[in-house]
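We count residues from 1, following the sequence as given. All heavy atoms count here, side chains included; hydrogens, waters and symmetry mates do not.
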Amino acid sequence: MKVYQTNEIKNIALLGSAGSGKTTLAESMLYEAGIIKRRGSVEAKNTVCDYFPVELEYGYSVFPTVFHVEWNNKKLNIIDCPGADDFVGGAITSLNVTDQAVILINGQYGPEVGTQNNFRYTEKLGKPVIFLINQLDSEKCDFDNIINNMKDIYGNKCVQIQYPLETGPNFHSLIDVLLMKKYSWKPEGGVPTIEDIPAEEMAKAMELHKALVEAAAENDEELMEKFFEEETLTEDEMRMGIRKGLVTRSIFPVFCVCAGKDMGVRRLMEFLGNVVPFVSDMPKVHNARGEEVTPDTNGPESLYFFKTAMEPHIGEVCYFKVMSGSVKPGDDLSNADRGSKERIAQIYACAGSNRIPVDQLNAGDIGCTVKLKDVKTGNTLNGKGTEQHFNFIKYPNSKYSRAIKAVNAADTEKMMAALLKMRQEDPTWVVEQSKELRQTIVHGQGEFHLRTLKWRMENNEKIPVTFEEPKIPYRETITKKAKAEYRHKKQSGGAGQFGEVHLIVEPYAEGMPDPVSYNFNGQEFKMNIKSKEEVDLPWGGKLVFINSVVGGAIDLRFMPAILKGVMDCMEHGPLTGSYARDVRVVVYDGKMHPVDSNELSFTLAARHAFSDAFKQAGPKILEPIYDLEVYVPADYMGDVMSDLQGRRALIMGMDSEAGYQKLQAKIPLKELSNYSISLSSLTGGRASFTTKFSSYELVPNDIQNKLIADHEAETKDED
């Protein structure tokens, strides 16, 4: 295989909603390029891109699949991304290491929520976009309506390159207004017949051609001047203008294709090869220090590993992008993240489940390797004298969580090892061993996402597991001030134990002044502050600990022990055993014994005194509240709002965004537990949502009473 230079390489991500036909398109592209001799299909479970057992089981892409085609002496590295929103991590990974997005639109439905999500990711990352309307042979396809919807959503940047003469089962021809030709296919697709545009279509074709010429000219001053003078551009000038417009996201070309019948695919590939930006045309990537890194073949060698796949009979296959320099088999590199050394035994060009050995890959190229000792997803390998490090991929917050447990306790260690291994393949699977909840929690992007993890655990790893609803990380706090005292006294022969602590607790708020005095039952307690310690609690909130003991009632050396007793109680709140937060504790008096007092005595006295005071101080349970954004088609808005109100959500606002409604709300974490399933059911899978932690708020009294009763019953059972 030829060694391609940076200015001959193009990296492209195939995006689109589930069912838009990305894997089918990939199959036709591989066939057209001669990589495969026969096109497979998702239904027959024999495609190049969907080859993992879980993908064959569900008939969905679960992982992004890298393949390449050689076309007109250029190398197109293409990543077929999963369409389901649950597997969004694959799309985000792919967009970060490619330079061009091709977003497929299902001709039966037009732009969907998944289309919107993908477009937002391209917007955030500044990636060029080509829209591809697929499945034009569907009876439900209304091409003109789709174009109108796209212009409503994306504006006049959407510029048609092609339009079909007819949609539905009789689709077999289209007009290309860039080349001003008619393309027709026989029923088996493949190589088209190219003819002049029929007279009856010329007026429409000329109108669209003029709009395309104008859109191309707008991206270059010289082209604009020529357009004003001659009202036209040559094909090459149009290509140059479109390429510049793609880079600046000033133009979103719209193509037509029927991937299942291999109609329009060859023309699309010509456009990808001739027009879309090369690696060298795109803005430079920044390393972790914020420095620009030029994709220069003659620069220092640096590889970024963006994906790991666990393949049967092979083990780990590690996919990388050459950020700088070039890589050859036998290169010795150092891992910038782990400090280890690696030798690259062999490098491959990717073709789905197939790998083609190559002698060299240059800056900007994408490849894979096997049998590395200590490389994980997100690591950077550098050549001698290079210290690059990349961490530019940011994944969305999790939306769905479950506690996972091995059916056989003896398998727990194996289960954890398998979970960590699977997270290398999909970083949006997040594994958390919660000391607070005493559960192992797996977080993902949705119910289907975690169901896939469970399927793989049981079928690939042979470890039966169960899912449970995770406990909620409640917090406890107080709403008023209270005082308590406790004497710990124990005599058991020899030295005894003695410690007495008098303390006051009250709610703490940031910036509140130090206490001067307190009044309880008509008695005033004046404070004489000796020391103050502010503890930022690991679980959020603060503990402010004040020593106001006068006259040496408690020796200063026992204060750390008293603080320890208070912290012990904060870690196991008196109401439900949840962490306590935002409390100010003032130790104002006490007693000690010259012989029997020790640190343990004061720790125990403080623990009891704090617990008693806490229970008298209007204790309340706090629950985590999340900011929720739901993207939903307008016709489902009423159902979604009703469902949210039944989940104790507070609607904060509504907005229209790109053809969809955006609903903003605050919702308790407890009510988010099965929200992804409910939302999918309510909207037929056409809505999506994002969440972000907002704050802790008081739970309603009826829920608090139930939580306390449940905790008491649970602790009684444990006793």
Participant: Under the salt bridge (Lys or Arg N to Asp or Glu O under 4.0 Å) rule, what pairs show up with a residue in residues 36-46, not counting sequence neighbours?
Facilitator: none
Participant: Applying side-chain hydrogen bond (donor to acceptor under 3.5 Å, both in side chains) as the test, list every pair that has at least one member in residues 302-312; sequence neighbours left out.
Facilitator: Y51-E311, S302-N382, T308-T377, E311-R355
Participant: CG of D332 to CD of E342: how many Å apart, nearest 0.5 Å?
Facilitator: 10.0 Å
Participant: Return the set of residues passing side-chain hydrogen bond (donor to acceptor under 3.5 Å, both in side chains) with Q135 (not counting sequence neighbours), or none when no residue passes.
Facilitator: N106
Participant: If you take all heavy atoms of E623 and P668, which pair is closest and at what distance?
Facilitator: OE1-CB, 3.5 Å
Participant: Give a yes or no answer on whether the side chain of N46 reaches the backbone of G40 with a donor-acceptor pair at less than 3.5 Å.
Facilitator: no
Participant: Do N117 and S688 have side-chain atoms, one donor and one acceptor, less than 3.5 Å apart?
Facilitator: yes
Participant: Quick one: CG on N118 to NZ on K127, what's the gap to the nearest 0.5 Å?
Facilitator: 14.5 Å
Participant: Can you tell me if K394 uses its side chain to pair, donor with acceptor, with the backbone of N391 under 3.5 Å?
Facilitator: yes
Participant: Is there side-chain contact between L453 and W455, with heavy atoms separated by less than 4.5 Å?
Facilitator: no
Participant: I need the minimum non-hydrogen distance between C81 and A13, along with the two atoms involved.
Facilitator: SG-CB, 4.4 Å
Participant: Only pairs at least two apart or in different chains count here, so list each ring-ring contact (aromatic ring centres under 6.0 Å, His included) that has a residue in residues 661-694.
Facilitator: Y626-F693, Y675-F689, F693-Y696
Participant: To the nearest 0.5 Å, how far apart are CD in E425 and CE in M422?
Facilitator: 8.0 Å
Participant: If I take atom CG from residue L679 and atom CD from residue E447, how far apart are they, to the nearest 0.5 angstrom?
Facilitator: 13.5 Å
Participant: Compare all side-chain heavy atoms of Y579 with those of M570 and state whether any distance is below 4.5 angstrom.
Facilitator: no
Participant: What residues, two or more places apart in sequence or in another chain, satisfy side chain to side chain contact (heavy atoms under 4.5 Å, CB included) together with K405?
Facilitator: T466, E468
Participant: So, the side chain of E476 versus the backbone of L622: is there a donor-acceptor pair under 3.5 Å, distance only?
Facilitator: no
Participant: Are any side-chain N or O atoms of S17 and backbone N or O atoms of S20, one a donor and one an acceptor, separated by less than 3.5 Å?
Facilitator: no
Participant: I'd like a table of donor-acceptor pairs (distance under 3.5 Å, sequence neighbours excluded) in which one partner is a side-chain atom from residues 408-421, with atom names and distances.
Facilitator:
residue : atom : partner : partner atom : Å
T412    : OG1  : A409    : O            : 2.8
K421    : NZ   : E461    : OE2          : 3.3

Participant: Please check if the side chain of N96 supplies one atom and the backbone of I92 the other of a donor-acceptor pair under 3.5 Å.
Facilitator: yes
Participant: Ignoring hydrogens and angles, tell me if any N or O in the side chain of W539 forms a donor-acceptor pair with the backbone of A580 under 3.5 Å.
Facilitator: yes
Participant: Applying side-chain hydrogen bond (donor to acceptor under 3.5 Å, both in side chains), can you list everything that pairs with T122, at least two apart in sequence or on another chain?
Facilitator: R249
Participant: List the residues meeting side-chain hydrogen bond (donor to acceptor under 3.5 Å, both in side chains) with E57, not counting sequence neighbours, and say none if there are none.
Facilitator: none
Participant: Quick test of your reading of the model: are D80 and K22 salt-bridged, counting only N-O distances below 4.0 Å?
Facilitator: no
Participant: Look at the rings of F119 and F131 and say which category their plane angle falls in: under 30° parallel, 30 to 60° tilted, over 60° perpendicular.
Facilitator: parallel
Participant: Under a 4.5 Å cut-off applied to non-hydrogen side-chain atoms, are Y121 and V88 in contact?
Facilitator: yes
Participant: Is the shortest heavy-atom distance from the side chain of L15 to the side chain of L104 under 4.5 Å?
Facilitator: no
Participant: Applying side chain to side chain contact (heavy atoms under 4.5 Å, CB included) between C49 and each of L14, V42, I79, T23, report the one that passes.
Facilitator: T23
Participant: Any side-chain heavy-atom pair from V285 and F392 closer than 4.5 angstrom?
Facilitator: yes
Participant: Is there side-chain contact between V327 and E301, with heavy atoms separated by less than 4.5 Å?
Facilitator: yes
Participant: Does one side chain, of Q445 or S398, offer a donor that lies under 3.5 Å from an acceptor on the other?
Facilitator: no
Participant: Which heavy atom in K75 sits nearest to a heavy atom in L361, and how many Å separate them?
Facilitator: NZ-CD2, 3.9 Å
Participant: To the nearest 0.5 angstrom, please state how far the CE atom of M652 sits from the OG atom of S694.
Facilitator: 8.5 Å
Participant: So, using side chain to side chain contact (heavy atoms under 4.5 Å, CB included) as the criterion, who are the partners of V293 when residues are at least two apart?
Facilitator: N287, S324, Q388, F390
Participant: Please examine the side chains of I36 and Y31, heavy atoms only from C-beta on, and report whether any two atoms are closer than 4.5 Å.
Facilitator: yes
Participant: Among residues at least two apart in sequence or on other chains, which ones pass side-chain hydrogen bond (donor to acceptor under 3.5 Å, both in side chains) with Q645?
Facilitator: none
Participant: Whether the side chain of T93 engages the backbone of G90 through a donor-acceptor N/O pair (distance < 3.5 Å, no angle test) should be reported.
Facilitator: no
Participant: Hey, what do you get for OG1 (T24) to CE (M29), rounding to the nearest 0.5 Å?
Facilitator: 12.5 Å
Participant: Could you report the tightest heavy-atom contact between T65 and G352, atom names first, then the distance?
Facilitator: CG2-CA, 3.6 Å
Participant: Tell me whether H68 contacts the main-chain N or O of C350 through its side chain, where contact means a donor paired with an acceptor under 3.5 Å.
Facilitator: yes
Participant: Which salt bridge (Lys or Arg N to Asp or Glu O under 4.0 Å) pairs, counting each pair once, include a residue from residues 664-680, with sequence neighbours left out?
Facilitator: E469-K670, D627-K666, R648-E671
Participant: Can a side-chain donor-acceptor contact be found between Y631 and E629 if the only test is distance below 3.5 angstrom?
Facilitator: yes
Participant: Between T98 and N11, does any side-chain donor sit less than 3.5 Å from a side-chain acceptor?
Facilitator: no
Participant: Starting from the C-alpha separation in whole Å, work towards a yes-or-no answer on side chain to side chain contact (heavy atoms under 4.5 Å, CB included) for L372 and E316.
Facilitator: CA-CA 8 Å; L372 295 181; E316 285 190 9; over 6 Å; no
Participant: Is there side-chain contact between L575 and Q704, with at least one heavy-atom pair below 4.5 Å?
Facilitator: yes
Participant: Closest heavy-atom contact between L628 and I667?
Facilitator: CB-CG2, 3.9 Å
Participant: So which heavy atom on T691 is nearest to which on N397, and how close?
Facilitator: O-ND2, 3.1 Å
Participant: Keeping the roles fixed (side chain from Q346, backbone from P329), state whether a donor-acceptor pair exists under 3.5 Å.
Facilitator: no
Participant: Check the side chains of N77 and D365 for a donor-acceptor pair under 3.5 angstrom, ignoring hydrogens and angles.
Facilitator: yes
Participant: Is the Lys NZ or Arg CZ of R451 less than 6.0 Å from the centre of Y400's six-membered ring, within 45° of the axis?
Facilitator: no
Participant: Please answer whether the main-chain N or O of F448 pairs with a side-chain N or O of T452 as donor and acceptor at a distance below 3.5 Å.
Facilitator: yes
Participant: Under the ring-ring contact (aromatic ring centres under 6.0 Å, His included) rule, what pairs show up with a residue in residues 424-446, not counting sequence neighbours?
Facilitator: W429-H449
Participant: Please step through side-chain hydrogen bond (donor to acceptor under 3.5 Å, both in side chains) for the pair S678 and R647, ending with a clear verdict.
Facilitator: CA-CA 11 Å; S678 297; R647 294 173 179 272; 2.7 Å; yes
Participant: Testing the 3.5 Å rule here: is there a donor-acceptor pair between the side chains of T369 and Y319?
Facilitator: no
